[in-house]
There are 2 protein chains.
Amino acid sequence: MLNEKSLSVSQDCNECPIRHRAVCARCESDELERLEEIKYYRKFEAGQTVIWSGDRMEFVGSVVSGIATLTQTMEDGRTQMVGLLLPSDFVGRPGRSSAAYDVVATTDLVMCCFRKTPFEEMMMRTPHIAQRLLEMTLDELDAAREWMLVLGRKTAREKIASLLSIIARRDASINMRDVSAPGERITFDLPLTREAMADYLGLTLETVSRQVSALRKDGVIELEGKRHVTIPDMGRLLEEAGDDADGGVFA
Amino acid sequence: MLNEKSLSVSQDCNECPIRHRAVCARCESDELERLEEIKYYRKFEAGQTVIWSGDRMEFVGSVVSGIATLTQTMEDGRTQMVGLLLPSDFVGRPGRSSAAYDVVATTDLVMCCFRKTPFEEMMMRTPHIAQRLLEMTLDELDAAREWMLVLGRKTAREKIASLLSIIARRDASINMRDVSAPGERITFDLPLTREAMADYLGLTLETVSRQVSALRKDGVIELEGKRHVTIPDMGRLLEEAGDDADGGVFA
DNA sequence: TCCAAATCTTGATCTGCGTCAAAGTCTTGT
DNA sequence: ACAAGACTTTGACGCAGATCAAGATTTGGA
């Protein structure tokens, strides 16, 4: 089911965000050594499922490059995306043995994985890891709650604007660009199909398509092809999203 | 703004869930002593706001008794509840100095609080606290994501059934009753007004009222007065919620 | 006890988004 | 380069839930 290939363990650690973000900063070198031992890389192609909901989950890890989604599905096929995993995001749950969601690679994807049991043992011995994971999980919880407002109370147009502004912001932070500079034109590639956007926003793909067209017609966004977006005025987009213009809810 | 009264510190610790759930189980006695020193109780009346979004947050804590809600509000007044805090739930975020949501007591409420800075220092020194908080936060994240499916993809009727089944389950677990016993009639008081239910479900209060009436007419629930609910068949309710009947998504 | 305010129910009507349908445009493999 | 499939756009129409409105019931304070 999982056609992954392991990458060389000797691959440069700078590419592994968990080293940087979750562990490195405050750990002793022997702990880093131990982490190194249980670390491995996995590669997935666009469209591949990383893990199915309910599957036994034998690793935790984080996204090195590419984009993955967390999705829930009802018996009758209705689908809701509950998370968007960009580089540096953590996947998996220490203390839980089976996956709660489908994880799907939407682009080619590289993950940095740790075997779960050794990782958990290490977490027990290394306080900073649990503290760092707590911090990351609280951020995710905030993002999930912000998204509840989007899903429960925003119109289709506001939903699209919210999604675009999140992607713009996260894309900018990955590439270390500044999204809040006034007058700046922001440009990025949409990493999601219209259907994936619909699943994230609780809409149909037709409605997504219509609202994207409407935002383009109104000059809020510009499109080259279907995927390349430029945002001439970030403040305007945030207004359309229903957020206050000063950096917004997801700051 | 906060008309709280501190309760005696000598109040029986059995009433303070964080002692049990977050700290006690694995801590040394001197750590418990230190926690005891920074602990205090606060009482709120139904309808009082515990803290406003954006306020400086000088404590973390957990609910001892009563019910509180976390809500977000847009500038134009649209409101979305993003969390329901029942006894034992943790509030606040180590490492963040201002509140991200309004916290409102919907019934009379007692909270067990810890001053934030000493709590954070203690967390640094006491690995089990961060580990326990991580576990609790991951549970909350799962609950938030389950709720995203409710908000994004369920019909009004399914939303009401989902809310009732969650409340039934949580109420049962607080009172140590078994909700999954087949044939068992389950009874509880709704702790939320129709408007609060609407804010949680992303609906209007009129729609909530209509769907509650419809579920009653169809025999899925029984009502005495407006608030006292009995569920003659939990499996039936879970079907109406769109969950699989075997314990459901929130198990 | 009684009045006023809060909460809840129900009805009539409206509308944003879903559904169904068809055609257009990219992508990919040969 | 071309064909087949995947993805996207656009149109016509219907419906679930919102909105507006009027009462009914419950709650709480004087």
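Order of the sequence lines sets the chain letters (A, B, ...), proteins ahead of strands, with each chain counted from 1. Scope of the values below: all heavy atoms of this structure, side chains included, with no hydrogens, waters or symmetry mates.
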Check salt bridge (Lys or Arg N to Asp or Glu O under 4.0 Å) between Arg153(A) and all other residues, then give those that pass, not counting sequence neighbours. Asp199(B)
Using the salt bridge (Lys or Arg N to Asp or Glu O under 4.0 Å) criterion, which residues pair with Glu206(A)? Sequence neighbours excluded. none
Each nucleotide of nucleotides 4-23 of chain C classed B (base within 4.0 Å of a protein heavy atom), S (only sugar-phosphate) or -, in 5' to 3' order, makes ----SBBBB----SSBB---
I'd like to check the side-chain hydrogen bond (donor to acceptor under 3.5 Å, both in side chains) partners of Arg236(A); sequence neighbours left out, ordered by chain and number. Glu240(A)
Rounded to 10°, the helix from dT1(C)-dA30(D) to dT30(C)-dA1(D) deviates from straight, judged by its five-pair end axes, by 50°
Give the first and the last nucleotide of DNA chain D, reading 5' to 3', that has any atom under 4.0 Å from a heavy atom of chain B. dG17(D) to dT26(D)
Excluding sequence neighbours, so at least two apart, what forms side chain to side chain contact (heavy atoms under 4.5 Å, CB included) with Thr187(A)? His228(A), Thr230(A)
If a pair satisfies ring-ring contact (aromatic ring centres under 6.0 Å, His included) and one of its residues is in residues 165-207 of chain A, list it, with sequence neighbours excluded. Trp147(A)-Tyr200(A)
Excluding sequence neighbours, so at least two apart, what forms ring-ring contact (aromatic ring centres under 6.0 Å, His included) with Tyr101(A)? none
Arg177(B): what forms a salt bridge (Lys or Arg N to Asp or Glu O under 4.0 Å) with it, not counting sequence neighbours? Asp171(B)
Between Ser165(B) and Ser162(B), do the side chains contain an N or O donor and an N or O acceptor separated by less than 3.5 Å? no
Listed partners of Arg185(A) passing salt bridge (Lys or Arg N to Asp or Glu O under 4.0 Å), at least two apart: Glu222(A)
Qualifying salt bridge (Lys or Arg N to Asp or Glu O under 4.0 Å) pairs with a residue from residues 60-71 of chain B, counting only residues at least two apart or across chains: none
